[in-house]
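Data block below; observations after.
All residue numbers refer to positions in the sequence shown, counting from 1. Model, not experiment: these values are computed from the prediction. What's counted below: heavy atoms across the whole structure, side chains too, no hydrogens, waters or symmetry copies.
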Amino acid sequence: MSDDLVAQILNKISESEDIRSFSEVCKQWLRVQRLNQTSLRVDVGFPQILLTRFPNLQELRVWEVTKEKPSKEAWYPTETGLEIVAKSCPNLETLLVSSEYSVLGSKGLRALGNGCPKLSTVMFDEMVVGNEGLVALFQAAHNLKGLHLSSNELVSDYACRAIGSSCITTLELKDCPYVTTDVGLRFVANGTTSGTLKKLILDGCQGITDNGIEYLVKMRCLEHLELTNLSEGVTDVGGVAISTIQTLKELKLSEALGMSDRTVVALAENCHNLEAFALCLWFHGDVSGASICAFSGHKCLKHLALFGDNIHLSDVEVERIVLGCPSLEFLVLDDSVVWNFGLMQDRARRVIKFGSYDRPLPHFTGTTWW
């Protein structure tokens, strides 16, 4: 049987257990399976030889689960580890590494960019990646389109200069207190990314104020924006500025400390292309049902999610929003609140759904770190 025919059989198998059984049939089937495997998910400390057995890997996800004693044959997220990936995985497109206490510098990240010319998405969680490392990555990885950093206290606004000079389309910064301040957003908004960035997620970036948010107005392609757990320096001034981003289609505001009715009304009146809006206020901010009703009559809004005790919405106002917004397909309300919809019209009851912050609109489900 030819390798091509064996590969056709393999392509009809989807379950991981069945694929494992397929590879155990004979040496030929094992070799074909390895050549056709494009994704690998392993724990930190996996045998380095695995990378040479799957030469066509496009996605590698490494997660730190166990802390076993280091060995020379095991792979760890170090400078040397990235050099091994660069040599073994020339077709790699997506790399995710989550490993506490690991340190990555310019040498390994430059090798990664040079050795993996197709690399388009990089995700580092709980890793110490410094400014020089990110600069080296962007200098070497010319096809990089997505950068995701989580829980990093070393990288600073200096790296945003390199980010702003790139052509990435997705940027996520979560719990990176020094990488995103007003200065960092200025670099991103004034660089080439102003014409390429479509998705921006900022979570826990306490150095941002209204001045930084106003820079986002310069983003010419921004379609998806998520702002979560920002500082008190972000007020309605920043909220009104966001409303002037005409390309915006999906927006999530969560625990927006200084934002109020003024922001919501501005979004309803000015964001004409907005299709999905999620507002989550539990401990900060204060929004009335009257401001939410400003979306009544909006021509494009399809999905609206409202969570939190600081959003004051009555049953009558809920019905007014649903009946007044003809494009609305889903209005997701907090399932912890008791509602009375017995007297509502049928269309209103069909549109209303119940959920929680843990199960938001599909547009805002969050990055899959594993």
Side-chain angles (χ1 to χ4, degrees), residues 213 224-230 232 234-245 248-366:
I213 297 298
H224 181 110
L225 177 62
E226 296 185 37
L227 301 177
T228 302
N229 297 320
L230 300 186
E232 295 180 354
V234 180
T235 68
D236 285 325
V237 174
V240 173
I242 292 172
S243 74
T244 65
I245 305 175
L248 205 58
K249 295 182 179 179
E250 300 171 354
L251 174 63
K252 176 182 176 182
L253 299 176
S254 180
E255 295 305 322
L257 303 186
M259 294 185 181
S260 64
D261 287 346
R262 182 185 171 194
T263 291
V264 176
V265 173
L267 293 171
E269 294 179 348
N270 301 326
C271 288
H272 303 298
N273 296 312
L274 194 64
E275 297 178 1
F277 177 42
L279 183 62
C280 313
L281 300 175
W282 277 277
F283 307 107
H284 305 285
D286 193 81
V287 169
S288 68
S291 66
I292 301 294
C293 286
F295 280 101
S296 179
H298 197 283
K299 304 300 182 183
C300 291
L301 191 66
K302 297 179 180 179
H303 305 105
L304 177 61
L306 304 170
F307 301 108
D309 296 334
N310 286 2
I311 300 177
H312 310 288
L313 195 63
S314 69
D315 301 349
V316 174
E317 289 166 332
V318 168
E319 186 173 34
R320 178 183 171 187
I321 295 168
V322 174
L323 298 180
C325 189
S327 60
L328 195 64
E329 298 175 1
F330 295 105
L331 171 57
V332 184
L333 299 174
D334 197 331
D335 58 9
S336 65
V337 179
V338 178
W339 300 90
N340 179 18
F341 300 123
L343 300 178
M344 283 190 178
Q345 296 186 27
D346 289 341
R347 180 183 181 277
R349 288 197 294 267
R350 289 196 301 268
V351 170
I352 296 170
K353 310 294 180 183
F354 294 96
S356 68
Y357 184 72
D358 296 329
R359 301 189 303 276
L361 294 175
H363 313 77
F364 311 105
T365 53

Test side chain to side chain contact (heavy atoms under 4.5 Å, CB included) applied to K252 and L227, step by step: CA-CA 6 Å; K252 176 182 176 182; L227 301 177; over 6 Å; no
Distance (rounded to the nearest 0.5 Å) between L274 CG and H272 NE2: 11.0 Å
By side-chain contact (heavy atoms from CB on, under 4.5 Å) - contacts of S288 (at least two apart): D261, A290, S291
Sub-4.5 Å side-chain heavy-atom contact between V287 and N310: no
Beyond-backbone contact of I242 with M259, side-chain heavy atoms, under 4.5 angstrom: yes
K249 NZ to C271 SG distance, which is reported to the nearest 0.5 Å: 13.0 Å
Gap between atom NE2 of H298 and atom CD of E269 - 0.5 Å precision: 10.5 Å
Qualifying residues under side-chain contact (heavy atoms from CB on, under 4.5 Å), relative to N229, sequence neighbours excluded: D203, E255
Which residues share a side chain to side chain donor-acceptor pair (under 3.5 Å) with H312, sequence neighbours left out: D286
L306: side-chain contact (heavy atoms from CB on, under 4.5 Å) partners, not counting sequence neighbours: L279, I292, L304, I311, L313, L331, L333
Residue pairs fulfilling side-chain hydrogen bond (donor to acceptor under 3.5 Å, both in side chains) with at least one residue in residues 234-244, sequence neighbours excluded: D210-T235, D236-S260, D236-T263, S243-N270
Pairwise distance OG(S327) to CG(L301) - rounded to 0.5 angstrom: 5.5 Å
Candidate list L267, L281, V234, test side-chain contact (heavy atoms from CB on, under 4.5 Å), partner L253, passing option: L267
Verdict with supporting geometry, L248 and L225, side chain to side chain contact (heavy atoms under 4.5 Å, CB included): CA-CA 8 Å; L248 205 58; L225 177 62; 3.9 Å; yes
Side-chain (E317) to main-chain (S314) donor-acceptor, under 3.5 angstrom: yes
Residue pair V318, I321: steps toward the side chain to side chain contact (heavy atoms under 4.5 Å, CB included) verdict: CA-CA 5 Å; V318 168; I321 295 168; 5.7 Å; no
Reported SG-to-CZ distance for the pair C325 and R320, which is rounded to 0.5 angstrom: 12.0 Å
Counterpart residues, side-chain contact (heavy atoms from CB on, under 4.5 Å), relative to K302 (two or more places apart): E329
Closest non-hydrogen atom pair between F295 and A268, with its separation: CE2-CA, 3.6 Å
Close side-chain approach of V240 to R262, heavy-atom, < 4.5 Å: yes
